Amino acid sequence: MLEKIIKAYDIRGLVKDEVTPDFSFSLGVAFAKFLEIEREPATIVVGEDMRPSSAPLADAFSDGATSQGMDVIRIGLASTDMLYFASGKLNLPGVMFTASHNPAKYNGMKLCKSGARPIGQESGLVKIRQLIEEGVPMSNRPVGNVRKQELLSDYVDYLLTRFPKNTFKKRKLKVVIDAGNGMAGFTAPAVMEQLNVELIPMYFELDGNFPNHEANPIEPENLKALQKKVKKEKADIGLAFDGDADRCFLIDENGDLVNPSALTGLIAVRELKANPGATIIYNLISSKAVAEVISENGGIALRSRVGHSYIKTLMAESGAVFGGEHSGHFYFGDFWRADSGMLAALYALAELMATPKSLSNLLEPYNRYFSSGEINSKVKDASKSIKLVKDKYQDKYEVDELDGLTVTAENWWFNLRPSNTEPLLRLNVEADTQKQMAEIRDTVLNLI
């Protein structure tokens, strides 16, 4: 079971028989021991999302950690980027109880070291799993203390102080936000009330059963209500957050989804103005326009595999100031290299307020190619499917396996990789023309 639920960069599983309070207690014990081995501070920050199971799991984890002599700071309801903020500001290790965009029957944990440094398989999850399997002897230290600390206002202040004064007092914008009954319903009102915006909220009620739609904006079906609302209200922009609000997707004034790679390009240009010649990271399913934009603006473009622990590690190694993922994750060097959907949204709003242009016009220079978006296929044997596709293409085209299979031709490329959390293969295709993209997409899907 541990092998199943401890993923490449977090823990995720079914609430009823996998991610249970008993497991969470064991994780608390093992995480405390891991932090002791790593010589980390003896206090853990704990945040939780709005799922009915999150608070009981956080309670059990706290009991496990304090039984080993660790102190715990409970920050209560939080978005994942708010937990990273707490870990960074307090310089303490942390754990966020969330299953992100997964349906209501799932829950999980995202772990980090002090300063919001990521814990993935290579950087701790394997060791933590071993400690759970082997069992940790009871500590001789006195039982630790648990205390509560409210950090929402500090989080909002920190985000806004990253921008020049009056950035958000310029052009008034009409903004529709779909929180999907997730944690953006908690954080967005506190942020937006500080800005010169007319806020139109959708599904801000915190409800871990997701009564309106799954809080997974990468699925087109889950964006339809927001797209309709943006057009009806004649809004300037729509923002869609996932369940734990660490990802953000944009809808333009026409009701069209903004390619996340275009937002990566927009933020990259802004960061390069502030940090000339800096390194910017993009993951390998981002549009090739991203690397072009970074180079054209004097930056160094660095390609990464998909996943927050990999990008954060690469940011630390390279000194990158920003990293963008096509899945809607955006990482900021001065936000402890952590990802923040709200911060990405603020960048978009700042750029939009500084110009009379519409969002679609503002992003036009970054939309250069035709993309399939991410297409998921259920498969029994991911490696077998990938091998079949590789055998077809490897003799004629450039192939690399940094993350799954990437095949690159002069006028198109595609990446095919297995999901870390579900029995799926994820396909992304991009080409110079719509026709080329559709041909490659359909050929690969037929092979799968």
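Not measured: the values here are computed from a predicted model. Nothing fancy with the numbering, it's 1 onward along the sequence.
Each of Ser100, Ser54, Ser24 was scored for a side chain to side chain donor-acceptor pair (under 3.5 Å) with Asn107, with one residue passing: Ser54. Each of Phe163, Phe85, Tyr84, Phe332 was checked for a ring-ring contact (aromatic ring centres under 6.0 Å, His included) with Tyr158, and the lone residue meeting it is Phe85. A side chain to side chain donor-acceptor pair (under 3.5 Å) with Asn181 is found for exactly one of Asn212, Asp207, Asn209, namely Asn212.
For the residue pair Asn428 and Trp413, the shortest heavy atom distance occurs at O-CZ3, 3.9 Å. In plain terms, the two heavy atoms of Ala179 and Gly185 that are nearest each other are CB-N, 3.4 Å. The two atoms that bring Met109 and Val19 nearest to each other are CE-CG1, 3.7 Å, heavy atoms only. Considering every non-hydrogen atom in both Ser261 and Val290, the closest pair reads O-CG2, 3.5 Å. In plain terms, the two heavy atoms of Tyr282 and Ala301 that are nearest each other are CE2-CB, 3.8 Å. Between Pro189 and Ala184, the shortest heavy-atom contact is CD-O, 3.6 Å.
Salt bridge status for Lys229 with Asp178: absent, with no side-chain N to carboxylate O gap under 4.0 Å. Using a cut-off of 4.0 Å between Lys/Arg side-chain N and Asp/Glu carboxylate O, Arg117 and Glu38 are scored as not salt-bridged. A salt bridge links Asp400 with Arg303: at least one charged nitrogen is closer than 4.0 Å to a carboxylate oxygen. A salt bridge links Arg417 with Glu374: the closest approach of a Lys/Arg side-chain nitrogen to an acidic carboxylate oxygen falls below 4.0 angstrom. In this structure, Lys288 pairs ionically with Asp432, as a charged nitrogen and a carboxylate oxygen lie closer than 4.0 Å. Between Asp339 and Lys312 there is a salt bridge, since a side-chain N of the basic residue sits under 4.0 Å from a carboxylate O of the acidic one. Electrostatic pairing of Arg12 and Glu18 does not count as a salt bridge here, judged by no charged N lying under 4.0 Å from a carboxylate O.
Two rings, from Phe322 and Tyr331, have their centers 6.0 Å or more apart. Taking the six-membered ring for Trp, Phe414 and Tyr393 have ring centres closer than 6.0 Å.
Using a 4.5 Å heavy-atom cutoff, the side chains of Tyr310 and Glu122 are in contact. Residues Lys390 and Leu416 have side chains not in contact (no heavy-atom distance under 4.5 Å, counting atoms from C-beta outward). At a threshold of 4.5 Å between non-hydrogen side-chain atoms, the residues Ile281 and Ser318 count as touching. Looking only at side-chain heavy atoms (C-beta outward), Ile311 and Arg337 stay at 4.5 Å or farther from each other. Looking at heavy atoms from C-beta onward, His329 lies in side-chain contact with Asp246 at the 4.5 angstrom threshold. Side-chain contact between Phe186 and Leu206 is present, with heavy atoms from C-beta onward closer than 4.5 Å. Taking 4.5 Å as the limit, some side-chain heavy atom of Leu14 sits within range of a side-chain heavy atom of Tyr106. Side-chain contact between Glu214 and Pro103: present, with at least one pair of heavy atoms (C-beta onward) separated by less than 4.5 Å.
For residues 258-274, the set of pairs meeting the salt bridge (Lys or Arg N to Asp or Glu O under 4.0 Å) definition, not counting sequence neighbours, comprises Arg270-Glu351. Annotation: ring pair (Phe, Tyr, Trp, His ring centres under 6.0 Å) contacts involving residues 205-238, sequence neighbours excluded, comprise Tyr203-His213.
A donor-acceptor pair under 3.5 Å is formed between the side chain of Gln227 and the backbone N or O of Gly255. The backbone N or O of Thr80 sits nowhere less than 3.5 Å from a side-chain atom of Asp244 that would complete a donor-acceptor pair. A donor-acceptor pair under 3.5 Å links the side-chain atoms of Lys7 to the main chain of Lys4, judged by distance alone.
Shown here is Glu221, whose CD atom has no more than 12 heavy atoms of other residues, nucleotides or ligands within 6.0 Å.
Under 3.5 Å, the side chains of Ser304 and Asn283 contain no donor-acceptor pair of N or O atoms. No donor-acceptor contact under 3.5 angstrom links the side chains of Asn259 and Tyr366, judged on distance only. Side-chain atoms of Asn446 and Thr443 form no donor-acceptor pair, as typed in the model, at a separation below 3.5 Å. For the residue pair Ser360 / Asp252, no side-chain donor-acceptor distance below 3.5 Å is found, with atom types taken as modelled.
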